[in-house]
Amino acid sequence: MTETTIPMLPCRTLQPVLDFYTALGFEVTFQQKSPNPYAVVERGGIQLHFFGMKRYDPAESYSTCCIRTDDVDGLHEDFRTGLKAAYGRIPTRGLPRIGPLKDTSHGVRQFLVSDPGGNCLRIGQPTSQDHHHRPAPQETFSRAVHHASLLADSRDDPAGAAKIIDRVLRMTDERPTPVQLLRLLVLRADVAARLGDDETAASALAKAAAIHLTAEERESAHDELERLAELRG
């Protein structure tokens, strides 16, 4: 027996959603306007179905699905390239948007994509057989990065993430390592941009760019350095 699960996701109107997925390299394989708006997009082994709802509000959407891949870095880069070509930039806030690559606490390397319909795709590659969430780190700054990342991405609460980061950055009795500081500042800039606080975002990016890292530290902070370059560019 072979089974296939196909998500059916809502949107207000089909065309902006189809244009978005076309930019990501998907092919529209089916579309109808009546009796009900409905469409299918496919890329490789990914198939997504969409249906139109006139009174649907994308900003209030909780629709999501999980996509597993064996090349999450390659897919992330392909999506970024396609979006930049289609939109003239890589959208990182509002709808649509694409998030950064991150190694999660539940053994998955993933990124999030939100389409114009407000549907969130969690695209990931397992890095461990154990997908239970790891305990939060005990060390102050690693713990702050852990919880702020969960709020910013899993719970879509950038304001909550900002509060955590601002609190630890004000501490005077402990200081983060250069890599920890970079991670905090890049995440702070990221959530500030999503909140429309361009001044704070610019300040955090400037501070992050000024941090001196050794070659070993740059290797361990590869994802954050890529996100820094993306947010600055």
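Values below: every heavy atom of this structure, side chains too, minus hydrogens, waters and symmetry copies. Note that the numbering runs from 1 along the sequence shown for the chain.
Hydrophobic clustering (ILVMFWY, side-chain heavy atoms < 4.5 Å, transitive): L112 and L9 are in distinct clusters. Hydrophobic clustering keeps V108 apart from L150 (ILVMFWY residues linked when any side-chain heavy atoms are closer than 4.5 Å, directly or through intermediates). Residues L48 and L83 fall within the same hydrophobic cluster, defined by Ile, Leu, Val, Met, Phe, Trp and Tyr side chains chained together at heavy-atom separations under 4.5 Å. Under the 4.5 Å side-chain contact rule for hydrophobic residues, V113 and M8 do not share a cluster. Transitive grouping of hydrophobic side chains (ILVMFWY, heavy atoms separated by less than 4.5 Å) keeps L195 and L151 in distinct clusters.
Counting Ile, Leu, Val, Met, Phe, Trp and Tyr side chains that sit under 4.5 Å apart, directly or through other members, M171 shares a hydrophobic cluster with F141, V145, I165, V168, L169, V179, L181, L182, L184, L185, V186, L187, V191, L205, I211, L213, L225, L228, L231.
Listed by first then second residue, pairs satisfying salt bridge (charged side-chain N to carboxylate O under 4.0 Å, His left out) with a partner in residues 82-98 read R93-D198, R97-D156, not counting sequence neighbours.
With salt bridges taken as basic N to acidic carboxylate O contacts below 4.0 Å, one links R227 and D190. Under 4.0 Å is where a charged nitrogen must lie from a carboxylate oxygen, and between K163 and D157 no such pair does.
Residues L14 and F51 are not in side-chain contact: their nearest non-hydrogen atoms beyond the backbone lie 4.5 Å or more apart. In this structure the side chain of Q180 reaches within 4.5 angstrom of the side chain of E139, judged on heavy atoms.
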Derivation and outcome, side chain to side chain contact (heavy atoms under 4.5 Å, CB included), residues N119 and C65: CA-CA 8 Å; N119 304 295; C65 71; over 6 Å; no
Can L101 and Q110 be said to form a side chain to side chain contact (heavy atoms under 4.5 Å, CB included), step by step? CA-CA 6 Å; L101 267 172; Q110 72 172 19; over 6 Å; no
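Q32 and N36 form no side-chain donor-acceptor contact under 3.5 Å, judged by distance and modelled atom types alone.
Here the rule is salt bridge (charged side-chain N to carboxylate O under 4.0 Å, His left out) with E224, and of R183, R188, R218 only R183 fits it. Partner of R109 under the side chain to side chain contact (heavy atoms under 4.5 Å, CB included) criterion, out of I123, T69, D223: D223 alone.
Enclosure of atom CD in E199 is not indicated, since only 12 or fewer non-hydrogen atoms of other residues, nucleotides or ligands lie within 6.0 angstrom.
In this structure, A23 and A86 approach most closely via the heavy-atom pair CB-CB, 3.5 Å. The two atoms that bring Y56 and G117 nearest to each other are OH-O, 2.9 Å, heavy atoms only. Taking both residues in full, the closest heavy atoms of A59 and L95 are given as N-CD1, 4.2 Å, listed atom of the first, atom of the second, then distance. For H76 against G99, the heavy-atom pair with the smallest separation is NE2-O, 2.9 Å. The shortest non-hydrogen separation linking F50 to C11 is CB-SG, 4.4 Å. Nearest approach of K102 to S149, heavy atoms of both residues: NZ-OG, 3.8 Å.
Remark: D197 CG to S203 OG distance equals 9.5 Å, nearest 0.5 Å. Atom CZ of residue R122 and atom OG of residue S114 lie 8.5 Å apart, to the nearest 0.5 angstrom.
For F26 and F20, the gap between ring centers reaches or exceeds 6.0 Å.
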